[in-house]
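Taking it in order: structure first as structure tokens, then the write-up.
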Amino acid sequence: NLTFLESLVESAAGKHYNAITKLEPLVVSSPSHVRARKLLAASYVTTRQWRRAARSYRDYLETAPNDAIATLQYAEACRKANDVREFLQAAQSAERLLPRSTRAKWLRIDAEIMDLRRGAGDPARLESLATELAALELPQAAESEFELLRARIARLQGRGEETLRILKEA
């Protein structure tokens, strides 16, 4: 499809908004064009349109449910869109598809913590989440994200002084 190729060129040139302008009508007129759906979702991510990215990845994953990387990206988009329910489901799916992925495990832990923060789930789960988090081997670049999750757990457990200590050290 010529429109899809044009949008690929626009995207490769860093003109993501132009790609989006071409892709949006394409996915409406050709809903089965899965590559266009995936490129549209990626373009939304690049332009930081998290809700649209999440919706586009969800639509794409309806036709490609075993695309592990897209599922991981969907979880990331849901996280950034602050859609806790979808984030939790997407993160669990990503971890099922990528059982050895540290990032998928980290996202699932983060999603469970967010779910607990909104009053859902079992607060007793916090201790096991803290243990899981401590067992993850994260790259050095992710250490600040790790510390923020540790601080969230401590805060949810009512350990204010530990929360402050963790945040000061992060």
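Between A53 and A41, the shortest heavy-atom distance links the atoms CB-O, 3.9 Å. Here the shortest heavy-atom pairing between P99 and K105 reads O-NZ, 2.5 Å. Scanning all heavy atoms of the two residues, the minimum distance from T71 to A90 falls at CG2-O, 3.8 Å. Counting all heavy atoms, side chain and backbone alike, A111 lies closest to A91 at CB-CB, 4.1 Å.
A chain of hydrophobic side-chain contacts below 4.5 Å, direct or via other Ile, Leu, Val, Met, Phe, Trp or Tyr residues, connects L133 to L116. Placement of L39 and L5 within a single hydrophobic cluster is found when ILVMFWY residues are connected by side-chain heavy-atom separations under 4.5 Å, directly or transitively. One hydrophobic cluster, built from ILVMFWY side chains closer than 4.5 Å, cannot hold both V28 and L40; they sit in different ones. Residues L126 and V84 share a hydrophobic cluster, clusters being chains of Ile/Leu/Val/Met/Phe/Trp/Tyr side chains in contact below 4.5 Å. Linking Ile, Leu, Val, Met, Phe, Trp and Tyr residues whenever their side-chain heavy atoms come within less than 4.5 Å leaves L72 and L88 in two separate clusters.
Residue-environment remark: CZ (R125) exceeds the threshold of 12 foreign heavy atoms within 6.0 Å.
Summarising the geometry, atom CZ belonging to R37 is positioned 9.5 Å from atom CG belonging to L26; distances are rounded to the nearest 0.5 Å. Here NZ of K22 is found 7.5 Å from OG1 of T3. Values are rounded to the nearest 0.5 Å. Rounding to the nearest 0.5 Å places OG of S93 at 12.0 Å from CG of L107. We find the CD-OG distance between Q49 and S56 to be 9.0 Å, quoted to the nearest 0.5 Å. The SG atom of C78 sits 5.5 Å away from the CD atom of E86 when rounded to the nearest 0.5 Å. Atom CZ of R108 and atom CD of Q92 lie 7.5 Å apart (nearest 0.5 Å).
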Just distance, no hydrogens or angles: give the donor-acceptor pairs under 3.5 Å from side chains in residues 14-21, sequence neighbours left out.
from, atom 1, to, atom 2, distance (Å)
N18, ND2, E10, OE1, 3.4
T21, OG1, Y17, O, 2.9

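By the side chain to side chain donor-acceptor pair (under 3.5 Å) test, K38 pairs with D67, sequence neighbours left out. Considering only residues two or more places apart in sequence or on other chains, D110 meets the side-chain contact (heavy atoms from CB on, under 4.5 Å) condition with R79, F87, W106, M114, L149, R152. Shown here are the side-chain contact (heavy atoms from CB on, under 4.5 Å) partners of A151, two or more places apart in sequence or in another chain: T163, I166, L167. Remark: R51 engages A81 in a side-chain contact (heavy atoms from CB on, under 4.5 Å) (not counting sequence neighbours).
Listed by first then second residue, pairs satisfying ring-ring contact (aromatic ring centres under 6.0 Å, His included) with a partner in residues 23-77 read F4-H33, not counting sequence neighbours.
Between Q73 and V45, every side-chain heavy-atom pair lies at or beyond the 4.5 Å cut-off.
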